[in-house]
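Dumping the structure here so I can ask a few things about it.
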Number of protein chains: 4
Amino acid sequence: MPGPGARAQPTDADASTATRILDAAEILFAQRGFAGVSVREIAGQVGLNQGSIYNHFPSKQSLYEAVLQRGLTPFREILESAATELTGPDARDALLERLVDQLWRTPNIAKLIQREVLDDGEVLERLSEQWLRPIYTAGRAAMDAVPQVRESWVERDIPFVVLGMYHFLFGPFGSAALTRRVIGEEPLSEDMRQAHIDFLKRATHRLMGGA
Amino acid sequence: MPGPGARAQPTDADASTATRILDAAEILFAQRGFAGVSVREIAGQVGLNQGSIYNHFPSKQSLYEAVLQRGLTPFREILESAATELTGPDARDALLERLVDQLWRTPNIAKLIQREVLDDGEVLERLSEQWLRPIYTAGRAAMDAVPQVRESWVERDIPFVVLGMYHFLFGPFGSAALTRRVIGEEPLSEDMRQAHIDFLKRATHRLMGGA
Amino acid sequence: MPGPGARAQPTDADASTATRILDAAEILFAQRGFAGVSVREIAGQVGLNQGSIYNHFPSKQSLYEAVLQRGLTPFREILESAATELTGPDARDALLERLVDQLWRTPNIAKLIQREVLDDGEVLERLSEQWLRPIYTAGRAAMDAVPQVRESWVERDIPFVVLGMYHFLFGPFGSAALTRRVIGEEPLSEDMRQAHIDFLKRATHRLMGGA
Amino acid sequence: MPGPGARAQPTDADASTATRILDAAEILFAQRGFAGVSVREIAGQVGLNQGSIYNHFPSKQSLYEAVLQRGLTPFREILESAATELTGPDARDALLERLVDQLWRTPNIAKLIQREVLDDGEVLERLSEQWLRPIYTAGRAAMDAVPQVRESWVERDIPFVVLGMYHFLFGPFGSAALTRRVIGEEPLSEDMRQAHIDFLKRATHRLMGGA
DNA sequence: GATGAATGAGGATTCATTCAT
DNA sequence: AATGAATGAATCCTCATTCAT
């Protein structure tokens with residue numbers, strides 16, 4: 001089983017070329033965004049000629065989308081099963097754990113998602129309509145069903161609580177630089193991973209008013 | 001007094017050219033990042049020839065930095081005064097209020113900061129060393145002085161609490177698209193601004209273990 | 001009396017602006033050629049705004065020509081008087097001395113002339129037709145009148161002898177870098193000036209077959 | 001065997017693209033200098049898109065250096081073998097002949113070298129340290145060994161004699177325009193080539209005091 | 001006369017993409 | 001599949017020149 005950040009390392013030479021391209025692209029796009037990365041650079045990272053990329057992906061845009069698609073698929077699966085089962089604190093904790101687990105497996109994807117959110121890109125549009133809105137609705141329903149939540153937040157807070165959950169989940173990846181520079185800890189260590197999971201449960205519990 | 005998002009609208013034609021360039025650049029850089037914006041586009045937005053930009057800023061990079069510098073100055077002032085006075089819950093709430101206030105005044109800057117954090121850019125480096133680290137140290141000291149905090153979090157959580165505060169503050173701007181698409185609310189409305197401030201206080205209070 | 005290379009130093013602030021522009025332009029054009037120098041750079045050297053140049057010269061090209069014109073005028077006068085008097089070795093030596101003298105007074109002009117020759121520029125065209133060809137004709141007639149020359153060179157050599165004279169005269173300026181780097185002497189020193197004059201006489205005497 | 005000025009004509013369409021670029025660049029750089037030539041113009045001369053140049057040379061500067069490098073290599077070889085064998089008048093004449101021969105093969109290079117000397121460029125720096133200074137030292141030693149030279153020049157003249165040799169060699173190429181305009185002869189004709197060689201030997205002999 | 005700002009053309013270089021080999 | 005070379009558009013930036021102030 002690959003450890004966290006598996007794709008953050010340069011990939012084995014014997015992986016399929018398409019996979020190696022995806023891996024390199026994922027890292028670079030996560031580091032500098034779509035516009036900040038050139039096809040040449042990706043090719044160079046893979047040890048490939050610039051034009052060879054186009055034997056595997058019809059365009060830079062489609063390569064980018066393939067990266068996202070590959071990275072999002074596990075989340076889609078997690079969310080799909082969750083949407084119907086969000087019944088109580090335990091289910092919520094289980095969901096959180098699976099999400100955090102997956103995020104730590106592909107931290108570049110976490111960054112890419114945050115970039116997409118910042119860019120308000122097309123991918124976000126599709127993502128929103130298909131996965132996030134349903135999950136949000138389910139999540140709100142679940143929260144509404146918990147008396148402690150209803151009592152501890154006013155209606156107006158709820159969106160922020162949800163957004164807060166998003167940031168609690170994704171933040172550590174997008175803010176890795178901040179952690180390193182300001183807090184002085186290596187953000188993607190196994191140590192931090194454990195701490196992230198623990199914190200998430202405690203913080204959620206607290207935000208949920210003790211439930 | 002200019003309302004929230006003052007600089008989000010194209011600026012008056014009678015403002016100084018440099019200011020109009022800064023305004024246009026701020027909006028575009030916030031929307032699409034440094035690499036995603038061309039000098040030509042900025043110039044076009046101002047109604048200027050491409051080369052005329054260089055009568056006011058020696059390079060695209062320096063224009064970008066000027067945007068950040070202008071946007072960060074108010075925060076610098078807020079943080080400067082705060083660093084010495086972070087004495088208790090009231091001081092904390094006051095600081096939060098001033099920060100949120102400023103963020104809502106210049107939401108583009110909030111996005112730009114999040115982009116800088118994602119990019120781990122040079123600006124972040126300077127920012128970290130000069131202001132964020134000191135503020136973090138002061139903030140941690142303040143938190144350590146509060147018994148409720150010490151009791152309610154384990155040592156390991158603290159960095160996440162701090163990061164969480166960052167996300168509570170900045171998140172709504174960077175995630176505006178998410179709010180609009182998933183939650184279905186207009187994220188930069190006056191309504192949301194009020195809700196943001198209220199939520200922040202409540203959430204902080206709660207994260208601080210009731211203090 | 002100004003020493004050699006008078007115009008090679010930045011000029012007095014109280015000289016007329018046009019003169020200061022000419023001085024700066026002369027130095028820069030000599031160093032890097034017409035295409036290698038920008039109007040902005042000249043203006044900067046004079047401490048003037050870019051546009052101010054155009055209060056004194058209608059275009060970069062015309063400034064360049066003014067530099068040449070100013071620099072060439074003394075030579076024109078020398079050559080004009082010489083063309084009619086080139087009667088024997090003494091007249092020849094006197095002409096040489098006056099030419100070398102003038103060249104050392106304005107070494108930048110010497111370089112500029114060599115650049116013009118390399119570029120086969122328009123200035124060279126006018127120069128050739130008006131002064132150089134007449135002087136050449138007169139010079140050849142003078143040489144033909146000297147038995148030692150007739151005897152010591154074949155007809156075919158004469159153009160090269162003349163060209164050689166040109167290079168003996170102008171070479172040390174255009175090749176100043178060579179002198180400095182290869183021979184290891186400071187090429188524009190007073191010492192070298194004296195040596196140049198002495199050498200020229202000896203070399204000419206020798207090339208002229210002892211006359 | 002290619003005649004003189006072989007590279008002065010636009011090159012065969014079936015030569016390698018890099019070679020055709022080098023050929024076009026050599027001609028243009030010789031005519032107008034580095035700053036006076038645009039990449040677009042070189043590309044146009046080769047019938048290539050502007051950007052295609054960069055498939056063969058990473059920058060204009062490096063293309064320029066490649067032109068020089070290619071042109072200088074034969075001289076390097078000539079000088080390398082000569083530096084050790086400069087034993088007497090015959091060796092000197094042989095060296096001269098080989099140099100003139102090579103210069104007439106690549107007259108553009110002769111002009112380029114003169115431009116470099118005028119510009120005091122980086123190439124000149126490297127050239128000086130590696131080839132010219134050693135050759136100069138060897139040449140001076142050779143001259144010092146010849147009694148006629150010692151007797152016919154004063155110590156102070158020697159650098160000028162050496163510079164004079166340089167100009168006798170390279171002058172006709174850089175001054176081609178002068179020859180054409182003032183003397184009225186076609187400077188790069190086979191006729192002139194022969195005359196150049198003959199003159200050089202005679203002039204050298206004379207400058208060397210008959211040796 | 002000087003200035004700062006404007007302009008359009010052109011500077012070198014990079015871009016994503018195509019295509020023959 | 002992979003490559004090297006080609007392309008046209010776009011990149012940032014500098015150019016000479018103009019003009020209102």
Side-chain angles (χ1 to χ4, degrees), chain A residues 16-18 20-21 34-44 46-64, chain B residues 16-18 20-21 34-44 46-64, chain C residues 16-18 20-21 34-44 46-64, chain D residues 16-18 20-21 34-44 46-64:
Chain A
S16 96
T17 305
R20 283 162 57 218
I21 294 172
F34 180 80
V37 176
S38 73
V39 171
R40 178 181 318 194
E41 199 176 1
I42 298 168
V46 185
L48 225 48
N49 186 283
Q50 196 179 167
S52 302
I53 298 288
Y54 292 84
N55 287 327
H56 302 271
F57 301 92
S59 71
K60 183 189 177 188
Q61 181 65 41
S62 74
L63 165 57
Y64 177 72
Chain B
S16 97
T17 306
R20 283 163 56 218
I21 294 173
F34 181 80
V37 177
S38 74
V39 172
R40 178 177 315 183
E41 196 175 4
I42 297 170
V46 186
L48 224 48
N49 184 285
Q50 192 179 171
S52 301
I53 298 288
Y54 293 85
N55 286 328
H56 302 271
F57 301 92
S59 69
K60 183 190 178 187
Q61 180 68 38
S62 76
L63 166 56
Y64 177 73
Chain C
S16 97
T17 305
R20 283 163 56 219
I21 294 172
F34 181 79
V37 176
S38 73
V39 172
R40 178 180 318 192
E41 196 175 3
I42 297 168
V46 185
L48 224 49
N49 186 283
Q50 196 179 167
S52 302
I53 298 289
Y54 292 84
N55 287 327
H56 301 271
F57 301 92
S59 71
K60 183 190 177 187
Q61 181 66 39
S62 76
L63 166 56
Y64 177 72
Chain D
S16 96
T17 305
R20 283 162 57 218
I21 293 173
F34 182 79
V37 176
S38 74
V39 171
R40 178 174 316 180
E41 196 175 3
I42 297 169
V46 186
L48 225 48
N49 185 285
Q50 193 178 170
S52 301
I53 298 287
Y54 292 85
N55 286 327
H56 302 272
F57 301 92
S59 69
K60 184 190 178 188
Q61 180 68 38
S62 77
L63 166 56
Y64 176 73

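Each chain gets a letter, A, B and so on, in the order the sequences are listed, and its residues count up from 1. The analysis underlying the following values was restricted to heavy atoms, covering all of them including side chains, and did not include hydrogens, waters or symmetry mates.
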### Message
Distance check needed: dG4(E) C1' versus I53(C) CD1, whole Å only.
### Response
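I53(C) atom CD1 is separated from dG4(E) atom C1' by 15 Å.
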### Message
With nearest nucleotide decided by heavy atoms, which residue, V37(B) or N55(D), maps closer to the 5′ end of DNA chain F?
### Response
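In this pair, the answer is N55(D).
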### Task
Please report the shortest heavy-atom distance between R20(A) and V46(A), naming the atom on each side.
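Scanning both residues, the minimum pair turns out to be NH2-O, 3.0 Å.
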### Query
Considering heavy-atom distances to DNA chain E, does S59(D) or K60(A) have its closest nucleotide positioned more toward the 5' end?
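Nearest nucleotide further toward 5': that of S59(D).
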#### Entry: Residue closer to the 5' end of DNA chain E, G51(D) versus I21(B) (nearest nucleotide)
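Looking at DNA chain E, the more 5' nearest nucleotide goes with I21(B).
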### Message
Output the rounded distance in Å from CD (Q50(B)) to C1' (dG8(E)).
### Response
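So the CD-C1' distance, Q50(B) to dG8(E), works out to 10 Å.
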#### Entry: Interatomic distance, L48(B) CG vs dG4(E) C1' [rounded to whole Å]
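The answer, rounded to whole Å, is 13 Å.
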### Message
Is there a side-chain contact between V37(A) and Y64(A) in this structure, where contact means two heavy atoms from C-beta onward sitting under 4.5 Å apart?
### Response
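Not in contact.
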### Message
I'd like the 5' and 3' limits of the part of DNA chain F contacted by chain A, with heavy-atom contacts below 4.0 Å.
### Response
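Both ends considered, the range comes out as dA1(F) to dG4(F).
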### Query
Rounded to the nearest 0.5 Å, how far does OH of Y54(A) lie from CD1 of I21(A)?
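Here the rounded value is 11.0 Å.
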### Task
Output yes when at least one side-chain N/O atom of N49(C) is less than 4.0 Å from OP1 or OP2 of dG4(E), else no.
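Checking dG4(E) against N49(C), a side-chain N or O does come within under 4.0 Å of OP1 or OP2.
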#### Entry: Note, I42(A) side chain near L63(A) side chain (heavy atom, < 4.5 Å)
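Sidechains of L63(A) and I42(A): in contact.
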### Query
Rounded to the nearest Å, what distance is computed from the CZ atom of residue R20(C) to the C1' atom of nucleotide dG1(E)?
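My rounded result for the distance is 12 Å.
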### Message
Nearest whole Å is fine: how far is dG8(E) C1' from Y54(B) OH?
### Response
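Interatomic distance, OH of Y54(B) to C1' of dG8(E): 15 Å.
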#### Entry: Phosphate contact (dT14(E) OP1 or OP2) by R40(A) side-chain N/O below 4.0 Å
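No, outside the criterion.
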### Nearest-Å distance for atom pair CD/P, residues Q61(D) and dG11(E)
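So the CD-P distance, Q61(D) to dG11(E), works out to 17 Å.
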### Task
Scan V46(C) against the nucleic acid and name what it touches under 4.0 Å (heavy atoms): base, sugar-phosphate only, or nothing.
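If one applies the 4.0 Å heavy-atom cut-off, V46(C) turns out to touch nothing in the nucleic acid.
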### Message
If you assign each of T17(A) and F34(C) to its closest nucleotide in DNA chain F, which residue comes earlier from the 5' end?
### Response
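Mapping each residue to its closest nucleotide by heavy atoms, the 5'-most match is T17(A).
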### Paired nucleotide for dT21(F) [Watson-Crick or G-U wobble; both distances under 3.5 Å]
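Across all strands, the one nucleotide that pairs with dT21(F) is dA2(E).
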### Separation of R40(C) CZ from N49(C) CG (nearest 0.5 Å)
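Reported value, rounded in 0.5 Å steps: 10.0 Å.
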### Task
Look at S52(C) and dG1(E) and indicate whether a side-chain polar atom (N or O) is within less than 4.0 Å of OP1 or OP2.
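Checking dG1(E) against S52(C), no side-chain N or O comes under 4.0 Å of OP1 or OP2.
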### Task
Could you tell me whether the phosphate oxygens of dT14(E), OP1 or OP2, come under 4.0 Å of any side-chain nitrogen or oxygen in S38(A)?
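Answer is no, no contact under 4.0 Å.
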#### Entry: Closest approach of F34(B) to K60(B) (non-hydrogen atoms, all atoms of both residues)
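The answer is O-NZ, 2.9 Å.
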### Task
For E41(A) and G36(A), work out which heavy atoms get closest and say how close.
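In terms of heavy atoms, the two residues are closest at OE1-O, 4.4 Å.
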